[in-house]
Amino acid sequence: MQYLRKLLFPFSLVYGFITGLRNKLYDWNIKKSVSYDFPVICVGNLSTGGTGKSPMVEYLIGLFGKQNQVAVLSRGYKRSTKGFFLLQGTESAQEVGDEPLQFKTNYPEAQVAVHENRQLGIAALRKLNPQPKIILLDDAYQHRKVKAGFNILLTTYQNLYAKDMLLPAGNLREPKSGAKRADFLVVTKCPLSLSKEQQEKIKKKLRLLPEQELFFTGIAYNNLITNGIQEIPLSLFANHFTLVTGIANPKPLVNFLKEQDLVFEHLNYPDHHNFTEKEIAQLQKCGIILTTEKDYMRLKKDIPQENLFYLPIQTKFLDKEEAFRSKLNKLVH
């Protein structure tokens, strides 16, 4: 792996020059960004994926949604449609993308839309009735044509951006200096037992600016699995099942299930995988399937509901959750 990285490093230098120059053109106001006079909050990362954006977006919908009309704008990665599409919740993941469909399913009162152009997407959302008071941008950190009022940058505990390299030698979409645009930095997928001393070591590696705030979160797995109709305690789930994952890093889920002494076969697919007819036919023969919520959105129209379950997860703050919520609430009031 190290040898491959060395071979690819010259290409990373070229990629870094191009992306770094692009960012400088926006920083120098040569390329124009559009800012807004209402709350626009961006959730993003520097890496290619798997940092926990979806749970964070859902956390923010839950934080704001009870008192405000909230809209979520995503590009709808790998969707078959084009342009602006406002979800009703009855679409397929192939039409609108798995994550937007998950947001709409879990928060039907939220306005969830997809558009590959964030400027046009925001403009279309503001024409809706009721007009959204807050717009959450899912995975838009590199979309500099829009200047969010607040940026939340995520990086995983196992793969901090500070230790990573630019594409293609590493996983970074842009130079590490891009982290300076963030207001909040959140280290995700941490062990829930992460000590204060370990947190301080990570903080030093990230080299925050004085005005930036750092938070640590982990994954909280539900003790119930569901198929949308019934909920079953994980401890009483099938003696043997097939785990199907199409996410960037399934290792935490696999480890968690093994810790529960569950017996399963793991079928691992690429992130945001669109299942082929042949793959669906094979999965239909697997019997009981457990999957992630994102994968459930892609499979639920093809696998019998009585055979397909998912394990919900939530973002769990290790500490300082009240400070996180308080500052964000001040943005919208």
Side-chain angles (χ1 to χ4, degrees), residues 36-44 52-77 79 81 83-115 118 120-140 146 148-150 152 154 184 217 220 222 224-231 292-298 300-301 305 310-317 321-322 324-333:
Y36 301 89
D37 59 359
F38 53 88
V40 176
I41 300 173
C42 171
V43 177
K53 293 185 299 295
S54 295
M56 179 57 70
V57 170
E58 292 199 352
Y59 182 92
L60 296 177
I61 299 173
L63 173 63
F64 297 127
K66 292 182 180 179
Q67 297 180 331
N68 304 281
Q69 182 61 56
V70 176
V72 181
L73 180 62
S74 175
R75 64 170 168 162
Y77 184 60
R79 66 185 174 115
T81 54
F84 183 77
F85 194 111
L86 183 67
L87 277 69
Q88 302 301 316
T90 57
E91 299 83 6
S92 68
Q94 288 71 27
E95 289 178 287
V96 297
D98 47 23
E99 291 163 341
L101 184 59
Q102 178 180 321
F103 300 150
K104 186 63 180 178
T105 301
N106 291 340
Y107 295 91
E109 70 281 1
Q111 296 162 321
V112 180
V114 291
H115 201 307
R118 298 307 203 282
L120 297 179
I122 291 173
L125 281 170
R126 291 289 286 180
K127 294 178 181 177
L128 297 178
N129 186 18
Q131 186 181 71
K133 181 179 179 181
I134 304 163
I135 294 180
L136 305 177
L137 300 180
D138 172 38
D139 195 15
V146 166
F150 201 86
I152 301 174
L154 309 184
F184 280 177
T217 67
N222 204 317
L224 299 172
I225 62 168
T226 182
N227 61 357
I229 297 177
Q230 61 180 140
E231 293 183 334
T292 68
E293 190 168 5
K294 188 167 70 171
D295 293 308
Y296 178 85
M297 296 298 157
R298 293 199 298 272
K300 65 179 182 177
K301 289 185 179 292
Q305 194 167 21
Y310 69 88
L311 179 62
I313 63 172
Q314 288 183 325
T315 292
K316 182 177 179 61
F317 280 77
E321 181 175 9
E322 193 52 46
F324 182 92
R325 298 172 68 92
S326 177
K327 183 158 186 178
L328 288 176
N329 274 319
K330 288 179 181 177
L331 292 176
V332 302
H333 295 297

key: Flag side-chain contact, heavy atom, 4.5 Å: I122 against L137   = yes

key: Within-4.5 Å side-chain heavy-atom neighbours: L328 and F64   = yes

message = Using every non-hydrogen atom in the two residues, find where V114 and P100 come nearest and quote the distance to one decimal.
response = CG1-CG, 3.6 Å

request  = Take D98 and D295 through the side-chain contact (heavy atoms from CB on, under 4.5 Å) test and state the conclusion after the steps.
outcome  = CA-CA 7 Å; D98 47 23; D295 293 308; 5.7 Å; no

query = More than 12 non-hydrogen atoms from neighbouring residues, nucleotides or ligands closer than 6.0 Å to CD on Q314, yes or no?
reply = no

query = What is the ring orientation for Y59 with F317, classed by angle as parallel under 30°, tilted 30 to 60°, or perpendicular over 60°?
reply = tilted

Which atom of D138 lies closest to which atom of S74, heavy atoms considered = OD2-OG, 3.3 Å

note = Here the pair of heavy atoms bringing M297 nearest to A93 is O-CB, 3.5 Å

request  = Would you please test V57 and L60 for side-chain contact (heavy atoms from CB on, under 4.5 Å) and show each step?
outcome  = CA-CA 5 Å; V57 170; L60 296 177; 5.7 Å; no

task = Would you check if R75 and R118 make a side-chain contact, meaning some heavy-atom pair closer than 4.5 Å?
result = yes

task = Starting at CG of L63, measure out to CE of M56 and round the result to the nearest 0.5 Å.
result = 10.5 Å

Residue of the set T226, L224, I225 for which side-chain contact (heavy atoms from CB on, under 4.5 Å) holds with L311 = I225

task = Compare all side-chain heavy atoms of E293 with those of N106 and state whether any distance is below 4.5 angstrom.
result = yes

key: Heavy-atom side-chain proximity of K294 to E99 below 4.5 angstrom   = yes

query = Does the T81 side chain pair with the main chain of V96, one donor and one acceptor, at a distance under 3.5 Å?
reply = no

ask   = Heavy-atom distance under 4.5 Å between the side chains of K300 and L101, does that happen here?
value = yes

ask   = So, for A220 and K316, which heavy atoms are closest and what is the spacing to 0.1 Å?
value = CB-CB, 4.0 Å

inquiry  = Do L87 and F103 make a side-chain contact, defined as non-hydrogen atoms from C-beta onward lying under 4.5 Å apart?
reply    = no

key: T90 OG1 to K301 NZ distance, which is reported to the nearest 0.5 Å   = 7.0 Å

ask   = Above 12 or not: heavy atoms from other molecules or residues under 6.0 Å from CD of Q67?
value = no

key: Side chain proximity check, L120 to F84, heavy atoms < 4.5 angstrom   = no

inquiry  = Under 6.0 Å from the ring centre and within 45 degrees of the ring axis: does the NZ or CZ of R126 meet both conditions for the six-membered ring of F38?
reply    = yes

task = Using the test side-chain hydrogen bond (donor to acceptor under 3.5 Å, both in side chains), find all partners of N227 that sit at least two apart in sequence or belong to another chain.
result = none

message = To the closest 0.5 Å, what do you measure between CD1 (I313) and CD (E58)?
response = 8.5 Å

request  = Quick one: closest heavy-atom pair of G44 and K53, and the distance?
outcome  = CA-CD, 4.0 Å

ask   = To the nearest 0.5 Å, what is the distance between CD1 (I135) and SG (C42)?
value = 12.5 Å

remark   = CG of L73 to NE2 of H115, rounded to nearest 0.5 Å, is 8.5 Å

query = Between CZ of R298 and OG1 of T292, what distance do you get to the nearest 0.5 Å?
reply = 6.5 Å

